[in-house]
Enquirer: 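The structure follows.
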Amino acid sequence: MPLTRSRTSALRYMALVLLVVYALAVLFFWWWWDHEPARFDPVDAAEVRAAQRGQPVVVGTVTTETLIRITETLLDKRGGYLSNDKLPPGVWMDNVPNWEFGVLTQVRDMSKAFRNEFSRSQTQSVEDSDLQEADPLFSTPSDRWLLPASERQYRKAIGHVEAYLGRLSDSKQPANFYARADNLADWLKIVEVRLGSLSQRLSASVGQVRFDTDLGGDAAAEQATEGASQRMVRTPWLEVDDIFYEARGNTWALLHLLKAVEHDFAAVLEDKNASVSLKQIIRELEESQHGLGSPMVLNGSPFGFFANHSLVMANYISRANAAIIDLRSLLERG
């Protein structure tokens, strides 16, 4: 009998030790994975990778390489891709998955721009076969973990973009990249909409009374559902940090894409006297990437004692968006 009790106590002790070790391991990986990847120089990275592949750097190389590098970072950063994790600690984390979704949003928009704009000389031209395959693969739901997993689809998409990149400098199997003002303006129009939405969602962290301006400027306009003339919009407390990190992911990816565009569209920007406007957008987005000086996203009142990180992020995004509107206007002028 004493032996049985002793054995039972030993088993309980071992179970307790294993539970503590497991808990510590989960906490360690939670801390280690809760990390935003560092920035990189798109031009330098593209030149290095082009040299490794034995390919010249041509128009479009930097933007294409940057799209690939951003997606690879999404998949290969600390902890890998977490949005579809079903086990601890990934299943309990929300900051990094929201950051991932923000990055993925910009990847999807740029992929569509490649397919519909950058790789085509006109609306009647044929789509590039690799970009036609990559676009729907990037649109795979971000939380799919089985048959097939999101990561697998995104890696397939990377493979198609790499194939397109290889053909950019290959005269036997040609692909093309058209650095034109109208192509760039079309992509920036999508960016403008994304940033405008993010700015509104971030600003709602403190609650706002918003007037219905949906039909403004057109007396004959109609809408399917009538809305109130004004309404209170406020982000639920538990979603404030989700929107903040989604915005961080969007701006991180967009910052790199704009630096790549600055290189590939240099002649167009110079011709439109728009280089300085793009540099100002990049400056605003760089400011949005400063490290958080707090262990959590604070949601203080606008003029209160505590900071409101969402409003700070909204400020940088709004200023970048205003500059994008001006840049697009310059590009659309004859």
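Sequence positions, counted from 1, serve as the residue numbers for this chain.
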Enquirer: Please give the remaining members of the hydrophobic cluster of Met14, linking ILVMFWY side chains under 4.5 Å, ordered by chain and number.
Expert: none
Enquirer: With the threshold set at 4.0 Å, does a side-chain nitrogen-carboxylate oxygen contact exist between Arg53 and Glu162?
Expert: yes
Enquirer: Centroid-to-centroid, Phe265 to Tyr178, below 6.0 Å?
Expert: no
Enquirer: Measure from NZ or CZ of Arg78 to the centre of the six-membered ring of Trp32 and say whether it is under 6.0 Å with the direction within 45° of the ring axis.
Expert: yes
Enquirer: Please walk me through it: do Asp85 and Trp33 pass side-chain contact (heavy atoms from CB on, under 4.5 Å)?
Expert: CA-CA 12 Å; Asp85 277 12; Trp33 294 352; 4.3 Å; yes
Enquirer: Name all residues meeting the ring-ring contact (aromatic ring centres under 6.0 Å, His included) criterion together with Phe40; count only those two or more places apart in sequence or in a different chain, and write none if there are none.
Expert: His256
Enquirer: Got a sec, which residues hit ring-ring contact (aromatic ring centres under 6.0 Å, His included) with Phe138, two or more places apart in sequence or on another chain?
Expert: none
Enquirer: Does the pair Lys189/Glu332 count as a salt bridge with the N-to-O cut at 4.0 Å?
Expert: no
Enquirer: Can the ring centroids of Phe118 and Tyr164 be said to lie less than 6.0 angstrom from one another?
Expert: no
Enquirer: Is any NZ, NE, NH1 or NH2 atom of the basic residue among Glu286 and Lys259 found under 4.0 Å from an Asp or Glu carboxylate oxygen of the other?
Expert: yes
Enquirer: Tell me yes or no: between the side chains of Glu284 and Asn321, is some donor less than 3.5 Å from an acceptor?
Expert: no
Enquirer: Check the angle between the aromatic planes of Trp31 and Phe28 and answer parallel, tilted or perpendicular using the 30° and 60° thresholds.
Expert: tilted
Enquirer: Verify the distance criterion only: is there a donor paired with an acceptor across the side chains of Gln55 and Ser169 at less than 3.5 Å?
Expert: no
Enquirer: Rest of the hydrophobic cluster containing Val21 (Ile/Leu/Val/Met/Phe/Trp/Tyr, side-chain heavy atoms under 4.5 Å)?
Expert: Tyr13, Val17
Enquirer: Give the table of side-chain donor-acceptor pairs shorter than 3.5 Å for residues 139-146, with sequence neighbours excluded, one pair per line with atom names and distance.
Expert:
unit_1	atom_1	unit_2	atom_2	d
Ser139	OG	Lys112	NZ	3.3
Ser139	OG	Asp135	O	3.2
Thr140	OG1	Leu137	O	2.8

Enquirer: Please output the side-chain donor-acceptor pairs of residues 246-253 that fall under 3.5 Å, not counting sequence neighbours, one pair per line with the distance.
Expert:
unit_1	atom_1	unit_2	atom_2	d
Glu246	OE1	Arg201	NH2	3.0
Glu246	OE2	Arg201	NH1	3.1
Arg248	NE	Glu36	OE1	3.2
Arg248	NE	Glu36	OE2	3.4
Arg248	NH1	Ser288	O	3.0
Arg248	NH1	His290	O	2.7
Arg248	NH2	Glu36	OE1	3.4
Arg248	NH2	Glu36	OE2	3.2
Arg248	NH2	His290	O	3.3
Asn250	OD1	Gln106	NE2	3.0
Asn250	ND2	Glu246	O	3.0
Thr251	OG1	Ala247	O	2.9
Thr251	OG1	Arg248	O	3.1
Thr251	OG1	Gln289	NE2	2.7
Trp252	NE1	Pro37	O	3.4

Enquirer: Report the hydrophobic cluster partners of Val126, with the cluster defined as I, L, V, M, F, W, Y residues connected by side-chain heavy atoms closer than 4.5 angstrom, directly or transitively.
Expert: none
Enquirer: With sequence neighbours excluded, tell me which residues meet side-chain hydrogen bond (donor to acceptor under 3.5 Å, both in side chains) with Asp241.
Expert: none
Enquirer: Only counting residues at least two apart or in another chain, list the ones meeting salt bridge (charged side-chain N to carboxylate O under 4.0 Å, His left out) with Asp34.
Expert: none
Enquirer: Does the gap between the ring centers of Tyr245 and Phe101 come in under 6.0 Å?
Expert: no
Enquirer: Salt bridge or not between Arg167 and Asp130? Use side-chain N to carboxylate O under 4.0 Å.
Expert: yes
Enquirer: Angle class for the Phe244/His309 ring planes (parallel below 30°, perpendicular above 60°, tilted otherwise)?
Expert: tilted
Enquirer: Sequence neighbours left out, cut at 3.5 Å: what donor-acceptor pairs do the side chains of residues 291-300 make with other protein atoms?
Expert:
unit_1	atom_1	unit_2	atom_2	d
Ser294	OG	Met296	N	3.3
Ser294	OG	Met296	O	2.7
Asn299	OD1	Ser205	OG	3.4
Asn299	OD1	Asn308	ND2	3.1
Asn299	ND2	Ser205	O	3.3

Enquirer: Mind jotting down which residue pairs meet the ring-ring contact (aromatic ring centres under 6.0 Å, His included) criterion with at least one end in residues 65-94? Sequence neighbours excluded, please.
Expert: Tyr81-Tyr154
Enquirer: Around atom CZ of Arg152, are there more than 12 heavy atoms of other residues, nucleotides or ligands at under 6.0 Å?
Expert: no
Enquirer: Could you check Asp326 against Ser277 for side-chain hydrogen bond (donor to acceptor under 3.5 Å, both in side chains), going step by step and ending with a plain yes or no?
Expert: CA-CA 8 Å; Asp326 291 340; Ser277 297; over 6 Å; no
Enquirer: Inspect the contact between Arg120 and Asp128 and indicate whether a charged nitrogen and a carboxylate oxygen are less than 4.0 angstrom apart.
Expert: no
Enquirer: Under the ring-ring contact (aromatic ring centres under 6.0 Å, His included) rule, collect the residues that match up with Tyr316, sequence neighbours excluded.
Expert: none
Enquirer: Do you know which of Val20, Val26, Leu18 makes side chain to side chain contact (heavy atoms under 4.5 Å, CB included) with Tyr22?
Expert: Val26
Enquirer: Count the heavy atoms belonging to other residues, nucleotides or ligands that lie under 6.0 Å from CG of Asn273, then report whether that count exceeds 12.
Expert: no
